[in-house]
Amino acid sequence: MSLEKRNDTNRSIRRTKRIFKLHFISLIREKGYKNVTVTDIVERADYNRSTFYLYFKDKEDLTEELVNEVLDELHYSFHMPFEEVEVVKYNSILPSSNSFFQHLYERKQFYSLLAIQDTIPGLEQKFLEKMKEIFEAITYIDIKKEEVQIEHFNTYKMYGSYGVILEWIKGGYVKSPDQISDNLLEIFKTNTSSFRLK
C-alpha cells in the first residue's frame with residue numbers, strides 16, 4: 001500500500017471513530033451512560049454494527065479510548081504554550097495564549113458530562129487524576145524567587161481550579177475561554193493577608 005493510500009485509510013479510520021465518539025457523547029447527555037447501547041450508537045451514527053466492531057470491542061472500549069484521548073489532549077493543551085519557557089511569569093500570560101481553556105471549550109460536549117448524574121463511570125476521578133498530574137509538575141515561586149514549600153499547596157491550587165472549571169461547565173460556558181482564563185489568572189496572582197465575614 002502506498003503512503004498516500006495509507007494516509008487516506010488512516011484519515012478515514014480517524015473520521016469514522018470520531019463520528020462514533022461524538023454520537024456516543026450526545027447519547028450519554030440525552031439518555032445517561034447506563035442506557036446507551038451499541039445499537040443506539042450505530043443507529044445514531046448511521047453505520048452498521050460490523051463497522052463499530054471493526055474499531056471497538058464494546059461500549060466500554062469506546063469509552064476508554066474516548067476518555068484517554070481527551071484527557072491526553074487536556075494535558076498537552078496545558079503544557080503547550082510554556083514548552084519553550086523555563087520560568088512562567090503570570091504577567092506574561094495572555095488569556096488568548098491559554099490553550100488549556102480553549103481545549104475545555106472546544107471539547108465542551110465531552111466535559112459537560114462532568115455535570116450530569118448518569119455519566120461515564122469514574123470520569124470525574126480520571127479528570128482529577130489528570131489535573132493532579134498537571135499540577136504536580138508545577139513548582140510555584142514566591143516573590144523572593146524561592147520555591148513554595150507549603151504542604152498541600154499544589155492540591156489547593158488544583159482543586160480550586162477544578163471548582164472554577166466545574167462552575168463554568170455547569171453554568172453553560174457563558175464566559176469565553178479568554179474570560180475564564182483571565183479570571184483564574186487574577187485569582188492566582190492575588191495575594192491576600194486577611195479576610196472579613198459578612
What about Leu128 and Leu184, same hydrophobic cluster or not, with Ile/Leu/Val/Met/Phe/Trp/Tyr joined at side-chain heavy-atom distances under 4.5 Å?
-> yes
So, Ser77 versus Glu73: side-chain donor-acceptor pair below 3.5 Å or not?
-> no
Taken to the nearest 0.5 Å, the spacing of Phe110 CZ from Leu71 CG works out to 5.5 Å
Between the main-chain N or O of Gly122 and the side-chain N or O of Gln125, is there a donor-acceptor pair closer than 3.5 Å?
-> no
Donor-acceptor list for residues 189-198 side chains, cut-off 3.5 Å, not counting sequence neighbours:
| unit_1 | atom_1 | unit_2 | atom_2 | d |
| --- | --- | --- | --- | --- |
| Lys189 | NZ | Asn91 | OD1 | 3.3 |
| Lys189 | NZ | Glu186 | OE2 | 3.3 |
| Thr190 | OG1 | Glu186 | O | 2.6 |

Going by heavy atoms in the side chains, are Thr16 and Leu54 under 4.5 Å from each other?
-> no
Do Phe56 and Lys17 have side chains that get closer than 4.5 Å, going by heavy atoms?
-> yes
Same apolar cluster (I L V M F W Y, side chains within < 4.5 Å links), Ile150/Ile141 | no
Rounded to the nearest 0.5 Å, what separation is found between the CG atom of Asn154 and the OG1 atom of Thr139?
-> 7.5 Å
Euclidean distance, Glu60 CD relative to Ile120 CD1, rounded to 0.5 Å = 11.0 Å
Side-chain donor/acceptor pairs under 3.5 Å, residues 161-172, sequence neighbours excluded:
| unit_1 | atom_1 | unit_2 | atom_2 | d |
| --- | --- | --- | --- | --- |
| Ser161 | OG | Lys157 | O | 2.8 |
| Tyr162 | OH | Glu124 | OE2 | 2.6 |
| Trp168 | NE1 | Lys175 | O | 2.8 |

Under 4.5 Å between any side-chain heavy atoms of Phe52 and Leu62, yes or no?
-> yes
In this structure, are over 12 heavy atoms from other groups packed under 6.0 Å from Tyr173 atom OH?
-> yes
List in chain and number order the residues that pass side-chain hydrogen bond (donor to acceptor under 3.5 Å, both in side chains) with His103, two or more places apart in sequence or in another chain; answer none if no residue qualifies.
-> Tyr111
Test item: Lys59 side-chain N/O and Ile41 main-chain N/O as donor-acceptor pair under 3.5 Å | no
Salt-bridge contact Lys130-Glu133 (side-chain N to carboxylate O under 4.0 Å) | yes
Distance from His79 atom NE2 to Leu74 atom CG, nearest 0.5 Å?
-> 9.5 Å
Got Ser181 and Phe100 here, is their nearest side-chain heavy-atom distance under 4.5 Å?
-> no
Is it true that the side chains of Asp178 and Ser176 contain a donor and an acceptor less than 3.5 Å apart?
-> no
Going hydrophobic residue to hydrophobic residue with side-chain gaps under 4.5 angstrom, can you get from Tyr76 over to Phe127?
-> no
So, do Lys21 and Arg18 sit near enough that their side-chain heavy atoms are less than 4.5 Å apart?
-> no
Without swapping roles, check the side chain of Thr119 against the backbone of Leu114 for a donor-acceptor pair under 3.5 Å.
-> no
Are Glu69 and Arg107 close enough for a salt bridge, meaning some N to O gap below 4.0 Å?
-> yes
Quick one: do Ile25 and Leu66 satisfy side-chain contact (heavy atoms from CB on, under 4.5 Å)? Show the steps, please.
-> CA-CA 9 Å; Ile25 292 167; Leu66 171 64; 3.8 Å; yes
hydrophobic_cluster_shared for Phe101 and Met80, side chain cutoff 4.5 Å = no
Between Lys31 and the options Asp40, Asp118, Thr37, the side-chain hydrogen bond (donor to acceptor under 3.5 Å, both in side chains) test singles out Asp40
CZ on Arg15 to CD1 on Ile19, rounded to 0.5 Å = 7.5 Å
Take atom OH in Tyr140; do more than 12 heavy atoms of anything else shown fall under 6.0 Å from it?
-> yes
Only one of Tyr55, Phe24, Tyr53, Phe20 clears ring pair (Phe, Tyr, Trp, His ring centres under 6.0 Å) with Tyr47; which?
-> Phe20
Test applied, side-chain hydrogen bond (donor to acceptor under 3.5 Å, both in side chains); reference residue, Ser26; option that passes from His23, Glu30, Arg29 | Glu30
d(Gln109 CD, Ile28 CD1) to nearest 0.5 Å is 11.5 Å
Verify the cluster assignment for Leu22 and Leu123: are they in a single hydrophobic cluster under the rule of side-chain heavy atoms below 4.5 Å apart?
-> no
